[in-house]
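Hydrogens, waters and symmetry mates are skipped; everything else that's a heavy atom, side chains included, is used.
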Amino acid sequence: MALTAETESRLYRSLRAAAGAAAHLVALGFPTAVAVLARPGSSLFSWHPLLMALAFSFLMTEALLIFSPEISLLRSFSRKVKVRVHWALQLLALLCALLGLGIIAYNKHLNGKAHLVTWHGLTGLLTVLYASGQCAGGVLLLYPKLMKNWTLAKLKLYHATSGLVGYLLGCASLMLGMCSLWFTTSVTSVSWYLAMLCPLLTSLVIMNQVSNAYLYRKRSQ
């Protein structure tokens, strides 16, 4: 028996709500698991994985999900409030990422290890630099008059698209970090695969959110 359009719509919304709830749980659960594993304070290095997990799994994920019409934790708030919270979360994410990058660089210096010799290190550096540029670009949305030849709608579209690229870079960096000797020594078998699924799940949810927003703008034009 074929599903009606209304039934399909309800099913789709239910699946989006379930995926969104899972994304919120993963966003908080992953850095919590990393904190248990790294035991922050046990060494200088221990702060690096925690800060990066907080930056790209929790803070950045929540900063993007805040604009979702179905799964945002601030659905009842005005867009102005959402924008301010988005800015605050993104700024905290950038600060955590910069601190995490500084800690790992200093830790390698202390131990006489080479810098940027792995894909994880190179991707991580690129991600932090990209996130810095993305935050700077966000200023244009607060002061659109700085870009006289660009409409606000176009600036929002490009900011969301470039933000998605930055988020995917962050997730890729996390996944490459889970291939490191430190992580694979402590997390093995099924647990490792479950950990790898965490950034994959949140990436799919964020990509779906951005693509839906893009389609909505196209239809409303």
Of all heavy-atom pairs between [X] and [Y], which one has the smallest distance, and what is that distance?
{"X": "Leu116", "Y": "Gly121", "value": "CD2-O, 3.5 Å"}
{"X": "Trp87", "Y": "Gly138", "value": "CZ2-C, 3.5 Å"}
{"X": "Val205", "Y": "Ala19", "value": "CG2-O, 3.7 Å"}
{"X": "Asn208", "Y": "Ser211", "value": "O-OG, 2.9 Å"}
{"X": "Met178", "Y": "Thr184", "value": "O-CG2, 3.5 Å"}
{"X": "Gln134", "Y": "Ser162", "value": "OE1-OG, 2.8 Å"}

Would you compute the distance between atom [atom1] of [X] and atom [atom2] of [Y] and round it to the nearest 0.5 angstrom?
{"X": "Arg39", "Y": "Ser46", "atom1": "CZ", "atom2": "OG", "value": "8.0 Å"}
{"X": "Cys135", "Y": "Leu94", "atom1": "SG", "atom2": "CG", "value": "4.5 Å"}
{"X": "Thr127", "Y": "Met52", "atom1": "OG1", "atom2": "CE", "value": "8.5 Å"}
{"X": "Leu176", "Y": "Phe183", "atom1": "CG", "atom2": "CZ", "value": "12.5 Å"}
{"X": "Leu59", "Y": "Leu89", "atom1": "CG", "atom2": "CG", "value": "6.0 Å"}
{"X": "Lys82", "Y": "Ile66", "atom1": "NZ", "atom2": "CD1", "value": "7.5 Å"}

Is any side-chain heavy atom of [X] closer than 4.5 Å to a side-chain heavy atom of [Y]?
{"X": "Cys171", "Y": "Leu200", "value": "no"}
{"X": "Asn107", "Y": "Trp47", "value": "no"}
{"X": "His115", "Y": "Ile104", "value": "no"}
{"X": "Leu99", "Y": "Cys96", "value": "no"}
{"X": "Ser72", "Y": "Leu65", "value": "no"}
{"X": "Trp192", "Y": "Cys179", "value": "yes"}
{"X": "Leu73", "Y": "Glu62", "value": "yes"}
{"X": "Leu37", "Y": "Trp182", "value": "yes"}

Checking Tyr167 against Thr202: is there a side-chain donor and acceptor pair closer than 3.5 Å? yes
Check whether [X] and [Y] end up in the same hydrophobic cluster, where Ile, Leu, Val, Met, Phe, Trp and Tyr are linked by side-chain heavy atoms less than 4.5 Å apart.
{"X": "Leu204", "Y": "Met196", "value": "yes"}
{"X": "Val139", "Y": "Val85", "value": "yes"}
{"X": "Met175", "Y": "Val187", "value": "yes"}
{"X": "Val81", "Y": "Val83", "value": "yes"}
{"X": "Leu164", "Y": "Val128", "value": "yes"}

Might you work through the side-chain contact (heavy atoms from CB on, under 4.5 Å) test for Leu44 and Tyr106, ending with a clear yes or no? CA-CA 9 Å; Leu44 179 61; Tyr106 185 59; 3.7 Å; yes
side-chain contact (heavy atoms from CB on, under 4.5 Å) for Ile71 and His24? Distances and angles first, verdict last. CA-CA 9 Å; Ile71 59 179; His24 284 299; 4.3 Å; yes
Main chain of [Y], side chain of [X]: is a donor-acceptor contact present, judged purely on distance under 3.5 Å?
{"X": "Arg75", "Y": "Glu70", "value": "yes"}
{"X": "Gln209", "Y": "Leu64", "value": "yes"}
{"X": "His120", "Y": "Ser173", "value": "yes"}

Mind checking side chain to side chain contact (heavy atoms under 4.5 Å, CB included) for Leu174 and listing every partner two or more places apart, or none if nothing turns up? Phe30, Phe56, Ser57
